[in-house]
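Notes follow the structure.
Each residue takes its place number in the sequence, starting with 1. As the structure lists them, so they are numbered: ligands from 1, and atoms in each ligand from 1.
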Amino acid sequence: MASIRVGQGYDVHRLVEGRKLILGGVEIPYEKGLLGHSDADVLTHAVMDAMLGALALGDIGKHFPDNDPAYAGADSIQLLKKVTALIEAEGWKLGNLDVTVAAQRPKLAPFIVQMRERLADAIGVPVSDISVKATTEEGLGITGDGSGMTATAVCLLEKI
Ligand code: MG
């Protein structure tokens with residue numbers, strides 16, 4: 001078997017009033033937040049799907065069903081720790097991770113370092129192995145009109 005595996009993840013959440021905005025485990029001041037069963041941390045969800053996908057272990061909907069009350073309001077960083085434990089139990093560890101979140105507003109640049117630190121801490125790797133990028137989609141589509149945010153992630157896993 002190969003000693004490296006690659007995975008990708010993608011997620012979308014709707015932006016609504018009356019919710020906290022949590023991205024990469026960081027609460028970001030904004031007039032709206034992402035809607036979901038858990039804390040709806042779209043960035044962290046894409047990361048978990050990439051890690052699970054690398055080992056063909058399904059997706060977070062399979063591991064943490066959104067109709068399970070146990071995950072109502074769940075802190076996605078805690079779920080990321082569980083995913084990390086799962087891949088370690090399979091004999092793998094994260095090599096590196098690269099994630100991009102698309103949002104028209106708010107400006108995410110001031111929070112990027114903190115997001116990288118939170119993800120790195122949850123996964124147990126150096127911050128230098130975690131890349132977080134943010135982009136707008138030039139006012140186009142669901143991120144552009146402010147109705148939602150999307151995130152894509154790619155990760156490399158290495159055999160322990
Ligand atoms: Mg999600």
Protein N, O or S atoms under 2.8 Å from the Mg ion (ligand 1)
3
Output yes when Arg105 and Glu31 qualify as a salt bridge under the 4.0 Å nitrogen-oxygen rule, no when they do not.
yes
Is any NZ, NE, NH1 or NH2 atom of the basic residue among Lys20 and Asp39 found under 4.0 Å from an Asp or Glu carboxylate oxygen of the other?
no
Any salt bridge linking Lys32 with Glu17? Criterion: basic side-chain nitrogen under 4.0 Å from a carboxylate oxygen.
no
Are Glu137 and Thr143 linked by a side-chain donor-acceptor pair shorter than 3.5 Å?
yes
Tracing side-chain contacts under 4.5 Å among Ile, Leu, Val, Met, Phe, Trp and Tyr outward from Val6 reaches Val154
Are a donor atom and an acceptor atom from the side chains of Ser76 and Asp41 found within less than 3.5 Å of each other?
no
